[in-house]
Amino acid sequence: MVSLGTVAVSALVSGLLAALISSHLNFQHSDNELKRDVLRRLVGNRAALLEPSADVTKEPFIALNEIFVVYADHPEVISKTQIAEQTSIGRIPKKGISRCPFPHNCLT
């Protein structure tokens, strides 16, 4: 016959294990959702990075800045973003925009 103590310990351990697994899966899901959101905003506004104008929102530049935080655990993404910032984005001509998103790289 199973004792009451064994049942109580089993219920407690299974409850704690379920909470830990649920917490871990929830963290992974929210982390992946945040990464997808940054990517969606960046890709969705990529035309604004290629053809800047006075009426462009700041959304793609905000997404670019968030990459360094959201993808901090992916060094290859950070490296490619830094290369893109130093090369292509810094060479975009200022067509009617009052300031460049990366002042240290902009054409004068």
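We count residues from 1, following the sequence as given.
Through direct or indirect side-chain contacts shorter than 4.5 Å among Ile, Leu, Val, Met, Phe, Trp and Tyr, L17 is connected to I21, L25. Other residues sharing a hydrophobic cluster with V13 under the 4.5 Å side-chain heavy-atom criterion for ILVMFWY residues are V9.
Here V7 pairs with V2 under the side chain to side chain contact (heavy atoms under 4.5 Å, CB included) rule; sequence neighbours left out. For R36, there are no salt bridge (charged side-chain N to carboxylate O under 4.0 Å, His left out) partners, not counting sequence neighbours. Residues passing the side chain to side chain donor-acceptor pair (under 3.5 Å) test with S14: none are found, sequence neighbours excluded.
Atom CG of L4 is surrounded by 12 or fewer heavy atoms from other residues, nucleotides or ligands within 6.0 Å.
Two different hydrophobic clusters hold V69 and V77 under the rule that ILVMFWY side chains link at heavy-atom gaps under 4.5 Å.
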- Message: Could you go through L42 and F61, starting from their C-alpha distance and side-chain angles, then the distance that decides it, and tell me whether this counts as side-chain contact (heavy atoms from CB on, under 4.5 Å)?
- Response: CA-CA 8 Å; L42 185 60; F61 304 110; over 6 Å; no

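The OG1 atom of T81 sits 7.5 Å away from atom CG of L64, with the distance rounded to the nearest 0.5 Å. Put simply, CZ on F68 and CD1 on I78 are 6.0 Å apart, with the number rounded to the nearest 0.5 Å. For the atom pair L16 CG and L20 CG, the distance stands at 6.5 Å (nearest 0.5 Å).
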For residues 27-35, dump all side-chain donor-acceptor pairs below 3.5 Å to protein atoms at least two apart in sequence or in another chain.
unit_1 : atom_1 : unit_2 : atom_2 : d
Q28    : NE2    : H24    : NE2    : 3.4
H29    : NE2    : E33    : OE1    : 3.2
S30    : OG     : N26    : O      : 3.3
S30    : OG     : F27    : O      : 3.0
D31    : OD2    : K35    : NZ     : 3.4
N32    : ND2    : Q28    : O      : 3.4
K35    : NZ     : D73    : OD1    : 3.4
K35    : NZ     : D73    : OD2    : 3.4
K35    : NZ     : H74    : NE2    : 2.9

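Between I62 and R41 there is a side-chain heavy-atom pair separated by less than 4.5 Å.
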